[in-house]
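Here the structure comes first, spelled out in structure tokens, and everything after it is commentary.
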Amino acid sequence: MARIYALMQGCASVRPDVVTYGILVNGLCKAGRVGDALRVLDGMSRQDSDIRPDVVTLNTVVDGLCKSGRVQEALAFVEQRMSSVHGCPPNTVTYNCLIDAFCRVGNISMAYELVEKMENEGVPQNIVTLNTIVGGLCRAGRTGAALEFFREKRTVWPEGKGNAVTYSTLVGALLHTNNVGMAMELFHEKMSEGHSPDAIMYFTMISGLTQAGRLEDACSMASSMKEAGFKLDTKAYNILIAGFCRKKRLHEAYELLQEMKEVGLRPDVCTYNTLLSGSCKAGDFAAVDELLGKMIDDGCQPSVITFGTLVHGYCKVGKIDEALRILRSMDESGIHPNNVIYNTLIDFLCKRGDVDLAIELFDEMKEKSVPANVTTFNALLKGLRDKNMPEKAFELMDQMREERCFPDYVTVDVLMEWLPVIGETDRLKRFMQQGEHTASKRIVSDRTSA
DNA sequence: TTAGGGTTAG
């Protein structure tokens, strides 16, 4: 970028103008180089500069500051520099950038304050202002407040009627909070006004309805989408396939696999992993083997999740030896097992009472630099409790402290019902009172006061 | 120059 700029400066017939600078500032901001963007702006603002930044250049910098997490600096820039230094008062876009940034850091009240400030200063709100607040409230889990805000502004603001963005944001949030009735109502409300849904709206509906367990509705939405001239993509099929697998409706899941192939879509590693997981959960290991064969024939490389799915599937039906065999086969495939896979094996081994082998795997994790996490320690501590092996447990508790692996409510549960019984209350207290373990101290005091 | 969405293992 700098090279192109230098080239232009050396060429008398190509003079950069404010748009050129705008592109440069935008490029720098989008590349995360807000500091450089601010320096370009300073250069433009010097006495000897013949090109002054306009409101678009300044908004670009405000948004750059906002998107790089420098929200307070952005606010200070708008309040202290835009009008007085650059002679450009903030406009609708300036405020929209700030409102979005405050929503994203969870400061909704500041976002509301800025909306009010726009009203007081006569800066008009537009559809983006509306959608930014609606989106911010939905992200904060305040879907009801988002709906209320929309209902209130749709008659008051000139651009408050809502567009495809408003509706898909609200519908998506409603479906995620399992408010299917209201989501459907909004969807049809928009339709009845003569607006046809766009692809994002359809995907939002398909995904949300599936998540809410409404597979029939999700499928009929997929049909409507196709009738409207849109195509389902691999992700959309994967969503539906996962939905049917969760409901243990494997037959329909496999039918969708067939359908996606017929329309010319190649199942990806995610499709296969989903179906493998579903078949494992259904205990159909013949289907698992067949699917693995198809996956390889298809040129689709198994991922660490594929192995994790198989390891879990075999553990779940008590075939831990087969699960261990899969772990060993990973070496040949060149895919490194991660802590999810080790945790699964350690957990099932402990549950089966095979703590020694679980500890061997735990040691292997260290050798292979696979980080243990609280789930690993919890599984081992449970196993050690069941075998009443406190000395090893104390060793692990020390390791947790050294590795700054904080206990969670499961750790607290296991240790609180074990250590006091064997007369180790002091050790439990010491473990919980480590400086870094503040969070667990809170859990303990909550529990003891209850 | 600012706003919306979706998939797989513990």
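It should be emphasised that the depicted structure is a prediction, and the values quoted were computed from it without experimental measurement. Letters A, B, ... are given to chains in the order of the sequence lines, protein chains preceding strands, and every chain is numbered from 1.
Shown here is A:Arg266, whose CZ atom has no more than 12 heavy atoms of other residues, nucleotides or ligands within 6.0 Å.
Listed by chain and residue number, A:Phe377 satisfy the ring-ring contact (aromatic ring centres under 6.0 Å, His included) test with A:Phe362 (two or more places apart in sequence, or in another chain). Applying the ring-ring contact (aromatic ring centres under 6.0 Å, His included) criterion to A:Phe187, with sequence neighbours excluded, gives no partner residue.
Across all strands shown, A:Asn338 has heavy atoms under 4.0 Å from base atoms, whether or not it also approaches the sugar-phosphate. Counting any heavy atom pair closer than 4.0 Å across all strands shown, A:Asp63 reaches sugar-phosphate atoms only and no base atom. Here A:Thr132 lies in heavy-atom contact (under 4.0 Å) with sugar-phosphate atoms only. Looking at heavy-atom distances under 4.0 Å, A:Asn91 makes no contact with the nucleic acid at all. Residue contacts shown for A:Ala164 include a base, since a base heavy atom lies under 4.0 Å away. In this structure, A:Lys67 reaches the sugar-phosphate backbone alone: every heavy-atom distance under 4.0 Å involves primed, P, OP1 or OP2 atoms, never a base. Residue A:Thr60 is classed as a sugar-phosphate contact, given heavy-atom separations below 4.0 Å to backbone atoms only.
Within the structure, salt bridge (charged side-chain N to carboxylate O under 4.0 Å, His left out) pairs that include any residue of residues 228-241 of chain A do not occur (at least two apart or interchain).
DNA chain B lies under 4.0 Å from at least one heavy atom of each of the following residues of residues 182-200 of chain A: A:Asp198, A:Ile200.
A:Asn126 and A:Asn96 form a side-chain donor-acceptor contact under 3.5 Å, judged by distance and modelled atom types alone.
Between the CD atom in A:Gln72 and the CZ atom in A:Phe102 there is a gap of 4.5 Å [rounded to 0.5 Å]. To the nearest 0.5 Å, atoms OG1 (A:Thr376) and CG (A:Asn373) are separated by 4.0 Å.
First and last contacts of DNA chain B with chain A, using any nucleotide atom under 4.0 Å from a protein heavy atom and ordered 5' to 3', fall at B:dT1 to B:dG10.
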Which donor-acceptor pairs under 3.5 Å do the side chains of residues 326-333 of chain A make with protein atoms, sequence neighbours left out?
{"residue": "A:Arg328", "atom": "NH1", "partner": "A:Glu364", "partner atom": "OE1", "Å": "3.4"}
{"residue": "A:Arg328", "atom": "NH1", "partner": "A:Glu364", "partner atom": "OE2", "Å": "3.0"}
{"residue": "A:Arg328", "atom": "NH2", "partner": "A:Glu364", "partner atom": "OE1", "Å": "2.9"}
{"residue": "A:Ser329", "atom": "OG", "partner": "A:Ile326", "partner atom": "O", "Å": "2.7"}
{"residue": "A:Ser333", "atom": "OG", "partner": "A:Met330", "partner atom": "O", "Å": "2.8"}
{"residue": "A:Ser333", "atom": "OG", "partner": "A:Ile335", "partner atom": "N", "Å": "3.4"}

